[in-house]
Engineer: 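Encoded as structure tokens, here's the structure I'll be asking about.
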Protein chains: 2
Amino acid sequence: MKSCTTDAKGLLKIEDQMCFALYSTSRAITKQYAPLLAKLDVTYPQYLTLMVLWQRDGILVQEIASSLEIDQATATPLIQRLEKSGIVTRQRSKEDERKVQVFLTAKGRDLYKLALSVPHDLGCAIGVDDKLAKKLIKEANSIKRSIQRIGSATDDKDLDQVNTG
Amino acid sequence: MKSCTTDAKGLLKIEDQMCFALYSTSRAITKQYAPLLAKLDVTYPQYLTLMVLWQRDGILVQEIASSLEIDQATATPLIQRLEKSGIVTRQRSKEDERKVQVFLTAKGRDLYKLALSVPHDLGCAIGVDDKLAKKLIKEANSIKRSIQRIGSATDDKDLDQVNTG
DNA sequence: TTACATTATATAGCAGGCTAATGAATTGTG
DNA sequence: CACAATTCATTAGCCTGCTATATAATGTAA
């Protein structure tokens with residue numbers, strides 16, 4: 001009788017896990033980005049970094065990290081690689097020497113024109129209609145808000161739960 | 001006039017990107033898993049691997065890879081780390097020496113009992129109701145299907161698109 | 001049966017991700 | 001002012017992920 005050490009009842013199935021659905025789908029889409037971003041010679045996280053810089057050039061390492069919702073220690077080498085590619089430059093702030101500002105180079109600014117076709121091309125590659133995309137963004141954001149809400153509730157008292165795995 | 005090299009019109013904003021929403025949300029949830037899985041002394045991908053093995057012990061490396069929707073070259077070292085932790089054993093198949101079967105050890109089987117509380121505890125940590133979770137799984141799966149559909153359509157002729165970024 | 005393709009796994013090299021620890025600059029406080 | 005705490009960035013060490021390549025076993029065709 002192995003019923004205690006195997007999942008005969010199917011209580012822990014990978015295809016029922018919300019996190020797995022998001023994790024595998026985001027990787028599937030990222031894989032579709034790859035050939036498009038290859039034309040700009042950047043990776044997906046580097047592309048996200050550029051998006052932020054095209055909005056606000058000269059922002060700090062920490063601001064890029066929080067925009068991408070990644071750790072600062074992940075952002076530093078990411079930006080260093082962009083610097084090595086000649087897409088950005090880094091420069092210590094004069095007012096506060098702890099801070100490092102990230103600036104687009106001419107090459108980095110020029111990539112913007114190439115990037116403009118990426119969303120359209122990706123739409124072709126994944127064939128997802130705009131309505132579903134917007135709905136998913138909304139739902140994903142509501143999950144992140146919920147996590148933040150619970151996480152900040154140091155006094156976690158009456159938090160009831162469900163099996164959302 | 002920098003309007004050609006910066007995104008004044010907001011055409012490429014990170015918060016409008018569906019892929020970013022999935023990518024950042026999946027990492028946010030994975031971070032909530034970490035303390036729960038620390039009790040089993042496994043990572044999230046290792047936990048997914050265990051889920052598959054609790055369903056079908058003794059399956060091949062390639063079967064684990066396809067279940068997790070990761071590359072086979074990612075699966076091998078993942079399984080090797082589980083082996084080093086004493087959670088699984090690997091063994092060349094007798095009938096076909098190319099194949100490697102992965103078996104749970106007693107320790108690996110025992111972890112199942114501990115894992116049973118993970119979905120509940122994660123629900124507490126992220127506070128997402130079951131209905132939303134199921135909806136997201138469905139939507140994510142429909143995206144993956146759409147990608148497969150287009151990807152397999154070598155004769156991609158009349159595929160119209162949208163900006164789903 | 002030799003030759004060639006295919007299959008299954010493993011390895012190498014690179015780019016993220018994370019936590020933890022380090023270092024340098026700034027801020028806050030007694 | 002001095003010293004502690006904080007802040008910002010970097011580095012180190014680990015675990016994913018990927019592509020490309022290698023290696024061995026199997027399948028297939030001439």
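Atom set for the values below is all heavy atoms of this structure, side chains included, hydrogens, waters and symmetry mates excluded. Per chain, numbering begins at 1; letters A, B, ... match sequence-line order.
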Engineer: Does NZ or CZ of B:Arg27 come closer than 6.0 Å to the centre of the six-membered ring of B:Tyr23, within 45° of the ring's axis?
Structural biologist: yes
Engineer: For A:Leu37 and C:dG16, what is the distance between atoms CG and P respectively, to the nearest whole Å?
Structural biologist: 11 Å
Engineer: If hydrophobic clusters are built by linking Ile, Leu, Val, Met, Phe, Trp and Tyr wherever their side-chain heavy atoms come under 4.5 Å apart, do B:Leu60 and B:Leu78 end up in the same one?
Structural biologist: no
Engineer: Over all heavy atoms of both residues, which pair between A:Gly108 and A:Trp54 is shortest? Give the atoms and the distance, please.
Structural biologist: O-NE1, 3.1 Å
Engineer: Do B:Arg98 and C:dT9 share a donor-acceptor pair, side chain to base, under 3.5 Å?
Structural biologist: no
Engineer: Heavy-atom nearest nucleotide on DNA chain D for B:Lys94 versus A:Lys99: which residue maps closer to 5'?
Structural biologist: A:Lys99
Engineer: Would you please classify the geometry between the B:Tyr33 ring and the B:Tyr47 ring as parallel, tilted or perpendicular, with 30° and 60° separating the classes?
Structural biologist: tilted
Engineer: Heavy atoms only, 4.0 Å cut-off, all strands: where does B:Thr74 land among base, sugar-phosphate and nothing?
Structural biologist: base
Engineer: Applying side chain to side chain contact (heavy atoms under 4.5 Å, CB included), run through B:Asp41 and B:Ser85 and close with a yes or a no.
Structural biologist: CA-CA 9 Å; B:Asp41 206 38; B:Ser85 303; 5.6 Å; no
Engineer: Classify the nucleic acid contact of A:Glu95 as base, sugar-phosphate or nothing, counting any heavy atom under 4.0 Å across all strands shown.
Structural biologist: sugar-phosphate
Engineer: Donor-acceptor check, side chain of B:Asp57 to backbone of B:Leu53, threshold 3.5 angstrom: yes or no?
Structural biologist: no
Engineer: Check the distance between D:dG27's P and B:Asp96's CG and give it to me in whole angstrom.
Structural biologist: 6 Å
Engineer: CG of A:Leu48 versus P of C:dA15: gap in Å, rounded?
Structural biologist: 17 Å
Engineer: What's the verdict on side chain to side chain contact (heavy atoms under 4.5 Å, CB included) for B:Gln101 and B:Arg90, showing C-alpha distance, side-chain angles and the deciding distance?
Structural biologist: CA-CA 6 Å; B:Gln101 291 179 282; B:Arg90 293 183 305 151; over 6 Å; no
Engineer: In terms of the nearest nucleotide of DNA chain C, which residue is placed more toward the 5' end: B:Leu60 or A:Leu78?
Structural biologist: B:Leu60
Engineer: The criterion is side-chain contact (heavy atoms from CB on, under 4.5 Å); which residues satisfy it with B:Thr89, sequence neighbours excluded?
Structural biologist: B:Phe103, B:Thr105
Engineer: What's A:Gln72 touching, base or sugar-phosphate or nothing? Going by heavy atoms closer than 4.0 Å.
Structural biologist: base
Engineer: So which nucleotide from C:dT19, C:dT11, C:dA15 ends up closest to the side chain of A:Ala73?
Structural biologist: C:dT19
Engineer: Between C:dC18 atom C1' and B:Gln32 atom CD, what is the distance in whole Å?
Structural biologist: 14 Å
Engineer: Go through C:dG16, C:dT9, D:dT26 for me and flag the one nearest to the A:Gln46 side chain.
Structural biologist: C:dG16
Engineer: Rounded off to whole Å, could you give me the OH-to-C1' distance for the B:Tyr44 and D:dT16 pair?
Structural biologist: 13 Å
Engineer: Between B:Thr76 and B:Gln72, do the side chains contain an N or O donor and an N or O acceptor separated by less than 3.5 Å?
Structural biologist: yes
Engineer: Looking at residues 80-93 of chain B, who's got a heavy atom less than 4.0 Å off DNA chain D?
Structural biologist: B:Arg81
Engineer: Taking CD from A:Gln101 and P from D:dA9, how many angstroms apart are they, rounded to a whole number?
Structural biologist: 10 Å
Engineer: Measure the distance from CG on A:Asp41 to P on C:dA15 and round it to the nearest whole Å.
Structural biologist: 11 Å
Engineer: What residues in residues 61-71 of chain B put a non-hydrogen atom under 4.0 Å from any atom of DNA chain C?
Structural biologist: B:Val61, B:Gln62
Engineer: Once you round it to whole Å, what is the distance between C1' of D:dT16 and NZ of B:Lys31?
Structural biologist: 15 Å
